[in-house]
Structures are given as structure tokens and as C-alpha cells.
Amino acid sequence: MYELSDELVQLGLQRIKGFPVDGFVRSRGAQNPALMLVGEAPGENEIETGVPFTGRAGKELMASLGSIGLEREDVYITSAVRSRPYKWGSKKERDGSLTERKYNRAPTKKEIIAHAPILDAEINDLNPPLIVTLGNIGLQRLIGPQAKVTQLHGVLLETPILKWDEENQRFMETEQHYHLFPTFHPASVFYNPPVRALKDEDWLKLGELLRTRG
Ligand code: URA
């Protein structure tokens, strides 16, 4: 079992201080994972459970993993940001009144930079044989903002990835090349149902890849 060190957790908490985010999902997973999954950021559910992908998107993700014979314990699940980015909004109650509540939102570039050393350390420590990015946030964090999941999904890339260089305050490409397989974020099928067929096809390809690579 691999788990983040207390030092990294403290660093993550310290670097994200002052941003509109809640909590911190520590994440843990296989020490020698078949793959590393890189999502976006935890949502409300995950902050409650302390476990990544335990909400509605998580159910969807577990079904995809199951479709290729894998379970949560076989993989390592992480994300670009480890705290829940939120925004305030109003919710209409049944009686018509409005109440203020927090809504999940995508992380900003600054929040992604704040937690970049955590993902860098996980990749460094685990050296995963295959990194599967879920959605644009995870993909762009690792290969840059020009990358689009709609163009790159379902394709195995062999590529340098981006690591945060604190001294120069910028992302730098690694010398090492990694195997990266971009696919859609599991939640994308909820707001864009036609994506489901593409996503399911990607997972079948991924299963095939794992079988042929041994
Ligand atoms: N989206 C993510 O990227 N991670 C989670 O844990 C849940 C939703």
C-alpha cells in the first residue's frame, strides 16, 4: 500500500491555504499499481469519505474499471488537486426560498500549481507503468494546456510529462518518457450522454492494452 507522507500532506495544506477549497483527500492505493488514474479534484463526497471517487462519478469509474477486470485495489487513484474547490451559489428550496450552499467547481491554475508537488512525488515514487488521465484537467496538468481530451482520448502516448519547478516557478518537461492514456472524466457522461459510448470504447482499448503489454 502506498500512502502520502505526512510531510507531503502538510506541504499540500500549506500551499493551498487561502484558496476557496475544503479538506484534503490523502488517497492511498496499490504500491505497484496496474495503472495510475489522474482525476481533477475531489468533490463534496470525497471530502466526507476521505477516499477519491466515492460519489456518483466514482460509481461510474468503478464500473469502467470492472469492465476490464480491475478493482480499486489494483490501481492508484489521484488527482491534480487534493482539496475540494468550491464556489458559493444559491439553491432553491421546495418552499421557494433560497439558501446559500457550496458547489463543486474545477480547480484553477494556481490551485493546480499549489498541489503539483504532490502529484509529482506520487509519480516519482510509484513510477506507474501507465498513467490514465480522466478529463482535461488531469491531461493538461501532465502534458500542457494545448492538449484536449476530445482529440487525444483512447490513444496511447509515449511522452515527457510536466513537473513543477519551484525554483523557476514553472512546469518543466521530464527527461523520462511515460505511457499516458487519456480518456474522459467519468462525470462527463452525466452532462454529455453521447460521450458514454466513446468512454466505454476507450476502456475496452485500455483493457486490450493491458492484456497485450502483459
Ligand atoms: N473527480 C475527481 O477528479 N476526483 C474525485 O475524487 C471525484 C471526482
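Just so you know, residue 1 is the first one in the sequence shown, and it goes up from there. A quick note: this is a predicted structure, and the numbers were derived from the prediction, not measured.
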Write out all pairs satisfying salt bridge (charged side-chain N to carboxylate O under 4.0 Å, His left out) with one or both partners inside residues 173-197, taking only residues at least two apart or from two chains. Glu60-Arg196
Gap separating the CD1 atom of Ile118 from the OG1 atom of Thr78, nearest 0.5 angstrom: 8.0 Å
Salt bridge (charged side-chain N to carboxylate O under 4.0 Å, His left out) partners of residues 143-164, not counting sequence neighbours, each pair once: none
Using a strict threshold of under 4.0 Å (side-chain N to carboxylate O), is an ion pair present between Arg101 and Glu93? no
Under the ring pair (Phe, Tyr, Trp, His ring centres under 6.0 Å) rule, what pairs show up with a residue in residues 139-161, not counting sequence neighbours? His153-Phe184
Check for a donor-acceptor pair, side chain of Glu73 on one end and backbone N or O of Gly29 on the other, with a separation under 3.5 Å. no
So how far is it from Lys92 NZ to Leu98 CG, rounded to the nearest 0.5 Å? 7.0 Å
Quick one: do Arg211 and Glu208 make a salt bridge, cutoff under 4.0 Å? yes
Option among Glu44, Glu40, Glu111 that satisfies the salt bridge (charged side-chain N to carboxylate O under 4.0 Å, His left out) test with Arg105: Glu111
Spacing of Leu35 atom CG and Leu210 atom CG [to the nearest 0.5 Å]: 5.5 Å
When Ile, Leu, Val, Met, Phe, Trp and Tyr are grouped by side-chain heavy atoms lying under 4.5 Å apart, directly or through other members, which residues fall in the same group as Tyr86? Trp88
How many angstroms lie between atom CG of Leu119 and atom CG of Leu142, to the nearest 0.5 angstrom? 5.5 Å
So which pairs with a foot in residues 23-74 pass ring pair (Phe, Tyr, Trp, His ring centres under 6.0 Å), sequence neighbours left out? Phe24-His115, Phe53-His185
Audit row: Ser64, Lys199, side-chain contact (heavy atoms from CB on, under 4.5 Å) steps and yes/no: CA-CA 9 Å; Ser64 296; Lys199 184 202 66 153; 3.3 Å; yes
Ser67: which residues meet the side chain to side chain donor-acceptor pair (under 3.5 Å) condition with it, sequence neighbours left out? none
Test question: given the 4.5 Å side-chain rule for I, L, V, M, F, W and Y, name all other residues clustered with Ile47, or answer none. Val25
Contacts of Asp22 meeting salt bridge (charged side-chain N to carboxylate O under 4.0 Å, His left out) (sequence neighbours excluded), chain-then-number -> Lys102
Side chain to side chain donor-acceptor pair (under 3.5 Å) partners of Arg26, counting only residues at least two apart: Asp6
Could you report the tightest heavy-atom contact between Ile16 and Ser83, atom names first, then the distance? CG2-OG, 4.0 Å
Of all residues at least two apart in sequence or in a different chain, which pass the salt bridge (charged side-chain N to carboxylate O under 4.0 Å, His left out) check with Arg141? Asp120
N/O donor-acceptor pair under 3.5 Å between Glu7 side chain and Leu4 backbone: no
Run the salt bridge (charged side-chain N to carboxylate O under 4.0 Å, His left out) test against Arg15 and tell me which residues pass, sequence neighbours left out. Glu166
Can you give me every donor-acceptor pair (side chain of residues 125-136, partner residue at least two apart or in another chain, under 3.5 Å) with its distance?
residue: Asp125; atom: OD2; partner: Tyr2; partner atom: OH; Å: 2.6
residue: Asn127; atom: OD1; partner: Gln176; partner atom: NE2; Å: 3.1
residue: Asn136; atom: OD1; partner: Val149; partner atom: N; Å: 2.8

